[in-house]
Trainee: 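Below: one structure in structure tokens.
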Amino acid sequence: MKREILRFSEVSYRYHTPQGETAAVEGLTFSVEEGSFVAVIGPSGCGKSTLLSLAAGLMKPSSGKVERTGRCGYMLQRDELFPWRTVEKNLFLPLEVRGDRTKESRERARELAVKYGLGDFLGSYPSRLSGGMRQRAALIRTLVTEPDLLLLDEPFSALDYQTRLKVTSDVAAILRGEKKTALMITHDISEAVSLADRVLVLSRRPARVIASHDLDFEEDDPLKRREHPAFSRWFEVLWKELNA
Amino acid sequence: MKKTNFTLISPEHRRYLRKKRRSALLVWLLRAGLLALLLGLWELTADVGWTDPFLSSSPSRIAAAVAGLYADGTLFYHIGTTLWETLAGFALSTLLGCGIALALWWSDTLRAVLEPYLVVLNALPKIALGPLIIIWFGTGSTAILFMTVLVGLIVAVLHMLTAFLSTDKNKVLLLRSMGATKLQILTKLVVPASAPSFISMLKVNVGMAWIGSVMGEYIVSRAGLGYLIVYGGQVFKLDLVMASTVLLCILAAGMYFLVALLEKFLVKDTDR
């Protein structure tokens, strides 16, 4: 039995506006085990982002319990690199926020950048990087504080198709290489199937888990998974559940 | 892009560069030519008698007026007075404006409470406060300084507040997910992200500072270029009015140029 990094127990969250209140998620129960890659898919506007904010501890649930062990790193749709900082200074940002001024942490950030092909661009400004490289830099930025859980908010949806396949593959390699636990939300079924160990399907708002599947690929590389016969089978299963 | 390797320039690229240089030179020549033409026409019409130089002056009479001010030793006194009022007012309204905008960004409640006051103060023609300012601060430079700050302050506050509030929400979310405090969000994100707006605010505020100081001198002063304009108008020395206006043009352009220089220095880092 592996350690649980994140656990949602009967979590509900309601938004309040002067017009009234809206239930975004209701009775959400699931957990994420150490070392696994969990993808959450659901119809658009079903409260997926709320789920991540709750997991990150940025919002408190209206009822129920969110338990998390360790730190988490957040990766957004766009890279959100600060254009006035060099790539290196962007990677140091989470360290600065944490007040971590040790040489070792900075060295580790640089090593990660070198390892994943950004070594030559440490002194450049983000505007010089391609979309794929920027997203890789954003991922490395979330890794420098050695988070126990990565929260990915549709991290590839702003990229064009070619870049997206490439970056998905890069990210999968980096996350498996660093043995990270990840929770990714997406509306893209094929992205979920090509990356995850487990896929949770959410209902329309208020979101609740309507299905959970363990994907039985022996292959971890997203590009190879896309060619696997099981890929289209899973795609179909999830498609039907999403549109039920 | 800055480094040009001259040994590798193709003839085509060299032609392109030469063409660019030529068109830039042409624009400068035409600008200077236009100025010379206008000044020449102005001088000519006055000399020939098509216009009355007593009313519309002439370049040579303006130069003579400036020389006269220089001769009696008051030229730099007047320039210095106005320049000091303008620069001090500019600096004060900028600093105070940024400070107030920061406070308003920090506290939603404060912002909500003060919003109608800002709107009214922004719409109010500051010159309406002229008599009050004379009574409160007398007729010296302090009154003019106050007027200058008043004219620039609200504009600076509103400009910077808009900039602070338009900080990318996703970047704020990112910092919060890293566990950043509000102060860290301010120093690491909101302030640096507002640098371009800060520059554009400075550009607007340069104009505001000159409006403030000259307007202030119109109502109360005993010295300065604005005072010379009013005085010249009252005694019908239109050469003096024109000369002071020309000096104001030069000074205002110089100050704007300095801000533009600062812009180059501040924003060059982001796109290298």
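Bear in mind that the values here come from a model prediction, so they are computed numbers and not experimental data. Reminder, nothing fancy here: chain letters follow the sequence lines and each chain counts from 1.
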Trainee: Would you say the side chain of A/Y74 lies within less than 4.5 Å of the side chain of B/L175, judging by non-hydrogen atoms?
Mentor: no

Trainee: Counting only heavy atoms closer than 4.5 Å, note whether B/A195 contacts chain A via side chain, backbone, both or neither.
Mentor: neither

Trainee: Looking at B/Y256, I want to see if its OH is surrounded by more than 12 non-hydrogen atoms of other residues, nucleotides or ligands under 6.0 Å.
Mentor: no

Trainee: More than 12 heavy atoms of other residues, nucleotides or ligands under 6.0 Å from CZ of A/R68: yes or no?
Mentor: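 Above 12, so yes.
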
Trainee: What part of A/R141 lies closer than 4.5 angstrom to a heavy atom of chain B: side chain, backbone, both or neither?
Mentor: side chain

Trainee: If you count heavy-atom pairs under 4.5 Å between each of A/M75, A/R98, A/E96 and chain B, which one has the most?
Mentor: A/E96

Trainee: Please classify the contact between A/L81 and chain B as side chain, backbone, both or neither, with a heavy-atom cut-off of under 4.5 Å.
Mentor: backbone

Trainee: Quick one, B/D168 and A/F82 - any side-chain contact, counting heavy atoms below 4.5 Å?
Mentor: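 No, side chains not in contact.
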
Trainee: Go through the atoms of B/I185 and report whether side chain, backbone, both or neither lie under 4.5 Å from a heavy atom of chain A.
Mentor: neither

Trainee: State, yes or no, whether a side-chain contact exists between A/L93 and B/M178 at a heavy-atom distance under 4.5 Å.
Mentor: yes

Trainee: Taking the side chain as C-beta and beyond, is there a heavy-atom pair between B/K188 and A/R85 under 4.5 Å?
Mentor: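 SC-SC contact between B/K188 and A/R85 confirmed.
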
Trainee: I'd like to know whether CZ of A/R78 has more than 12 heavy-atom contacts from other residues, nucleotides or ligands below 6.0 angstrom.
Mentor: no

Trainee: Please check if atom CD in B/E115 has more than 12 non-hydrogen atoms from other residues, nucleotides or ligands closer than 6.0 Å.
Mentor: no

Trainee: Can you tell me how far apart OG (B/S177) and CD (A/E80) are? Round to the nearest 0.5 Å.
Mentor: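 It comes to 10.5 Å.
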
Trainee: Between CG of B/L173 and CG of A/D153, what distance do you get to the nearest 0.5 Å?
Mentor: 8.0 Å

Trainee: Would the number of heavy atoms belonging to other residues, nucleotides or ligands and lying under 6.0 Å from CD of A/E107 be above 12?
Mentor: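 Result for CD/A/E107: enclosed.
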
Trainee: Is A/Q77 close to chain B through its backbone or its side chain, or both, or neither, when contacts mean heavy atoms under 4.5 Å?
Mentor: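 Neither part; nothing is under 4.5 Å.
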
Trainee: Less than 4.5 Å to any heavy atom of chain B: does that hold for the side chain of A/L76, its backbone, both, or neither?
Mentor: side chain

Trainee: For atom CZ of B/R31, decide whether the heavy atoms of other residues, nucleotides or ligands shown that lie under 6.0 angstrom number more than 12.
Mentor: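 More than 12 within 6.0 Å, yes.
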
Trainee: Under 6.0 Å from the CG atom of A/D160, do we count more than 12 heavy atoms belonging to anything else shown?
Mentor: yes

Trainee: If you count heavy atoms of other groups shown closer than 6.0 angstrom to NZ of A/K65, is the number above 12?
Mentor: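 Open.
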
